[in-house]
Amino acid sequence: MPELPEVETTVRGIAPHVEGQVIRQVVIRQPQLRWPVPVNLPEILPNLTIRSVSRRAKYLLISTDAGTIILHLGMSGSLRILPKEKPADKHDHIDFIFNNGTILRYNDPRRFGAVLWTTSSPAGHDLLKDLGPEPLSSDFDGMHLYRLSRNRKAPIKSFVMDGHVVVGVGNIYANEALFMAGIHPKRHAGRIALARYQLLADCIKTVLHSAIEQGGTTLRNFVNEAGNPGYFKQQLRVYGRAGQPCPHCLRPLTEIRVTNRSTVFCVNCQH
DNA sequence: TTAATCACCTGAGGGC
DNA sequence: TGCCCTCAGGTGATTA
């Protein structure tokens, strides 16, 4: 399930293969994703050169001179580079075929992802314009969280997972960062002091940096651009470890639901 | 305005 | 072995 580190890993992986390449053909096998894939992509994209591959939140932005492909991996999506034509597997929904024969293939079993096209600045797109800061940027710090959280009664875990507050903190990394910061996931966001928010912001950055270095998290069906799994799961300290000993105090980790999301924490270490 | 819930979708895993 | 059911989860839309 791609979270920000997985998307970043994907961006870094595919960029060297597609930047500067000219699109020869687009094959859409399944247009019904989260939103319908624009049916005219096969007419629009051929002969356009990929200028850059970047990321905003969990959206991949593949830029050309005529516009930008906005791509989201959803819950189960992946992109991989194929050096030459290969028969499509199940759930291989879209191929971007380049003049040099390379194929960028989009696979998404659950079809929660999206492939869209915009000719305007992607930053102004409806999906991107109201998003919060990037967690690894200097715009994101404890003061930012503290300011936005005043008078908020939502659980801190829901608060940090809100893309209007900060982007890219999904369920796995919210669990990990809150454990690292020693904050109870159900604590009201508005009742956390600035010093604890400064610690939490640092923990979010640390967890995400570490995951990116490891190449993302391997859960179920995440694979990177080469079809290899990430390795961060081996370093998860609480997520998926309910009932196992807390890495700090050795008491059993507890699993609860916070706004309908699986949440694992230590009742002894997190307050 | 805020918080919670729903909907989308399919594969994995457990129970029988 | 096979069928059925539940769960997992990102995020926009909807509801309270």
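Since this is a predicted model, take the numbers as computed values, not measurements. By convention in this document, chain letters (A, B, ...) are assigned in the order of the sequence lines, proteins followed by strands, and residues within each chain are numbered from 1.
Taking for each of A:D108 and A:A154 the nucleotide of DNA chain B with the nearest heavy atom, the 5'-most of the two is the partner of A:A154. DNA chain B is contacted by both A:R152 and A:R261; A:R152 maps to the nucleotide lying nearer its 5′ end (nearest heavy atom per residue).
When each of B:dG11, C:dA8, B:dC9 is scored by its nearest atom to the side-chain atoms of A:F112, the top-ranked nucleotide is B:dC9.
A cation-pi geometry, defined here as NZ or CZ lying under 6.0 Å from the six-membered ring centre and within 45° of its normal, does not hold between A:R55 and A:Y59.
For A:K58, a side-chain nitrogen or oxygen approaches OP1 or OP2 of C:dT11 to under 4.0 Å. Applying the 4.0 Å criterion to OP1 and OP2 of B:dG11, one finds that A:K90 has a side-chain N or O inside that range. Contact between the side-chain N/O atoms of A:H91 and the OP1/OP2 oxygens of B:dC9 is not found at any separation under 4.0 Å. Listed pair A:R110 / B:dA7 fails the phosphate criterion, with no side-chain N or O lying under 4.0 Å from OP1 or OP2. Side-chain N/O atoms of A:Y59 include one lying less than 4.0 angstrom from OP1 or OP2 on C:dG12. At least one side-chain nitrogen or oxygen of A:H72 sits closer than 4.0 Å to the OP1 or OP2 atom of C:dT11.
Residue-level contact check: A:S262 touches the backbone only, with heavy atoms under 4.0 Å from sugar-phosphate atoms and none from bases. Nucleic acid contact class of A:R34 (heavy atoms, under 4.0 Å, all strands): base.
Following rounding to the nearest Å, A:L60 (CG) and C:dT11 (P) show an atom-to-atom distance of 12 Å. Rounded to whole angstrom, the span from the CG atom of A:L73 across to the P atom of C:dA8 amounts to 22 Å. Atom CD of A:E255 is separated from atom P of C:dA8 by 7 Å (rounded to the nearest Å). Counting to the nearest Å, the P atom of C:dG10 and the NZ atom of A:K157 are 9 Å from each other. One interatomic measurement links the two molecules: NE2 of A:H125 to P of C:dG12, which rounds to 11 Å at whole-angstrom precision. Distance A:W35 CH2 to C:dG12 C1': 6 Å, rounded to the nearest Å. Distance, A:I156 CD1 to B:dA3 C1': 15 Å, rounded to whole Å. In this structure, A:R150 atom CZ and B:dT2 atom P are separated by 14 Å, rounded to whole Å.
Each of A:R24, A:Q21, A:K84 was checked for a side-chain hydrogen bond (donor to acceptor under 3.5 Å, both in side chains) with A:N100, and the lone residue meeting it is A:Q21.
Aromatic pair A:F98/A:H17: centroids not less than 6.0 angstrom apart.
Closest non-hydrogen pair, A:F179 versus A:Q270, comes out as CD1-OE1, 3.3 Å. Counting all heavy atoms, side chain and backbone alike, A:G240 lies closest to A:V264 at N-CG2, 4.1 Å.
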